[in-house]
Amino acid sequence: MLKGIPKILSPELLKVLCEMGHSDRLVIADGNFPAESMGKDAIVIRCDGHNVPEILEAILQVFPLDTYVEKPVSLMEVMPGDTVETPIWDVYKEIIHKYDDRGAEAVGNIERFAFYEEAKKAYAIIATSESALYANIMLQKGVI
């Protein structure tokens, strides 16, 4: 055990977060996201039984967001025609605001299939059991 490290961050996940460098990307994926197929060239970490907000909160305690880009956080846009509500995005923005002064201004949206293409280039993908739709979030690492 380590002091000050959220218990939800496994040794495997901590190792990956430490290995990541400036501007590497991390996807925290909902339960419907094709993590294994998107992560063929990435590290896929299973966090079954956990939801995205609790993982996001723990990661942002140790993970700096990139300050050299306008939107270091990306959400998957709702597809035109879908009537899905995304209240989880507000939860994400509240969490982000706790750890980054830009708050919601640090968050952008990416069209669904463009998000998939960016996810294929991510350093790591965390697969969660999140049941909310369009709950995928991508973080770009900054410097300390």
Side-chain angles (χ1 to χ4, degrees), residues 4-10 12-144:
I5 303 293
K7 293 177 185 176
I8 195 171
L9 299 179
S10 68
E12 178 188 18
L13 180 50
L14 280 172
K15 177 182 181 292
V16 167
L17 296 175
C18 285
E19 290 172 344
M20 292 176 67
H22 180 230
S23 62
D24 279 340
R25 290 188 180 170
L26 173 71
V27 174
I28 308 172
D30 65 33
N32 290 302
F33 190 83
E36 298 297 335
S37 61
M38 291 290 138
K40 288 181 180 180
D41 295 324
I43 298 165
V44 176
I45 299 172
R46 306 284 321 176
C47 286
D48 299 297
H50 296 290
N51 295 320
V52 174
E54 64 184 324
I55 297 289
L56 176 64
E57 174 96 30
I59 286 173
L60 288 180
Q61 290 179 48
V62 299
F63 186 98
L65 292 174
D66 198 338
T67 56
Y68 295 106
V69 295
E70 189 177 340
K71 306 285 184 186
V73 179
S74 300
L75 303 173
M76 179 188 285
E77 284 182 356
V78 175
M79 290 292 291
D82 273 357
T83 57
V84 174
E85 296 293 322
T86 56
I88 198 163
W89 292 0
D90 293 328
V91 174
Y92 295 169
K93 289 171 185 172
E94 289 174 21
I95 293 168
I96 291 161
H97 184 69
K98 285 197 247 179
Y99 300 99
D100 191 292
D101 292 338
R102 295 170 289 179
E105 294 299 314
V107 181
N109 292 355
I110 301 178
E111 185 274 333
R112 178 181 170 208
F113 294 104
F115 189 99
Y116 286 147
E117 290 306 310
E118 291 302 313
K120 289 177 186 176
K121 298 183 268 183
Y123 187 88
I125 298 173
I126 300 170
T128 73
S129 296
E130 180 61 58
S131 61
L133 300 177
Y134 292 100
N136 305 299
I137 185 169
M138 188 177 317
L139 310 176
Q140 185 165 316
K141 190 173 184 184
V143 298
I144 296 177

Self-check item: Audit row: Ile137, Val27, side chain to side chain contact (heavy atoms under 4.5 Å, CB included) steps and yes/no
Solution: CA-CA 6 Å; Ile137 185 169; Val27 174; over 6 Å; no
Practice problem: Kindly indicate, with the supporting measurements, whether the criterion side chain to side chain contact (heavy atoms under 4.5 Å, CB included) is fulfilled by Leu26 and Tyr123. | Solution: CA-CA 6 Å; Leu26 173 71; Tyr123 187 88; over 6 Å; no
Practice problem: List the steps and the verdict of side chain to side chain contact (heavy atoms under 4.5 Å, CB included) for Glu105 and Glu70. | Solution: CA-CA 8 Å; Glu105 294 299 314; Glu70 189 177 340; 6.0 Å; no
Self-check item: Residues Gln140, Val69; criterion side chain to side chain contact (heavy atoms under 4.5 Å, CB included); working and verdict
Solution: CA-CA 9 Å; Gln140 185 165 316; Val69 295; 3.7 Å; yes
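Applying the salt bridge (Lys or Arg N to Asp or Glu O under 4.0 Å) test to residues at least two apart or on different chains, none of the pairs has a partner in residues 134-144. The salt bridge (Lys or Arg N to Asp or Glu O under 4.0 Å) pairs that include a residue from residues 74-88 number zero, where partners must be two or more places apart or lie in different chains.
Listed here is the closest heavy atom pair of Ile126 and Leu13: CD1-CD1, 3.6 Å.
Atom CE of residue Met76 and atom CD of residue Glu111 lie 8.5 Å apart, to the nearest 0.5 angstrom.
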Could you pull out every donor-acceptor pair under 3.5 Å between side chains of residues 87-96 and any protein atom, sequence neighbours left out?
residue : atom : partner : partner atom : Å
Trp89   : NE1  : Tyr134  : O            : 2.8
Tyr92   : OH   : Ala135  : O            : 2.5

Please output the side-chain donor-acceptor pairs of residues 113-122 that fall under 3.5 Å, not counting sequence neighbours, one pair per line with the distance.
residue : atom : partner : partner atom : Å
Tyr116  : OH   : Arg112  : NE           : 3.3
Tyr116  : OH   : Arg112  : NH2          : 3.4
Glu117  : OE2  : Lys120  : NZ           : 3.1
Glu118  : OE1  : Arg25   : NH1          : 2.5
Glu118  : OE2  : Lys121  : NZ           : 3.1

Pair up each side-chain donor or acceptor in residues 31-60 with any protein partner under 3.5 Å, not counting sequence neighbours, and list the distances.
residue : atom : partner : partner atom : Å
Ser37   : OG   : Pro34   : O            : 3.3
Arg46   : NE   : Asp48   : OD2          : 3.2
Arg46   : NH2  : Asp48   : OD1          : 2.8
His50   : ND1  : Glu54   : OE2          : 3.4
Glu54   : OE2  : Asn51   : N            : 2.7
Glu57   : OE1  : Lys98   : NZ           : 3.1
Glu57   : OE2  : Lys98   : NZ           : 3.1
Glu57   : OE2  : Tyr99   : OH           : 2.6

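Not counting sequence neighbours, the partners of Asp100 by the salt bridge (charged side-chain N to carboxylate O under 4.0 Å, His left out) test are Arg102. With sequence neighbours excluded, the residues that form a side-chain hydrogen bond (donor to acceptor under 3.5 Å, both in side chains) with Lys15 are Glu19. Partners of His22 according to the side-chain contact (heavy atoms from CB on, under 4.5 Å) rule, which considers only residues two or more places apart in sequence or in another chain, are Asp66, Tyr68, Val143.
In this structure, Thr128 contributes its side chain and Ala29 its backbone to a donor-acceptor pair below 3.5 Å.
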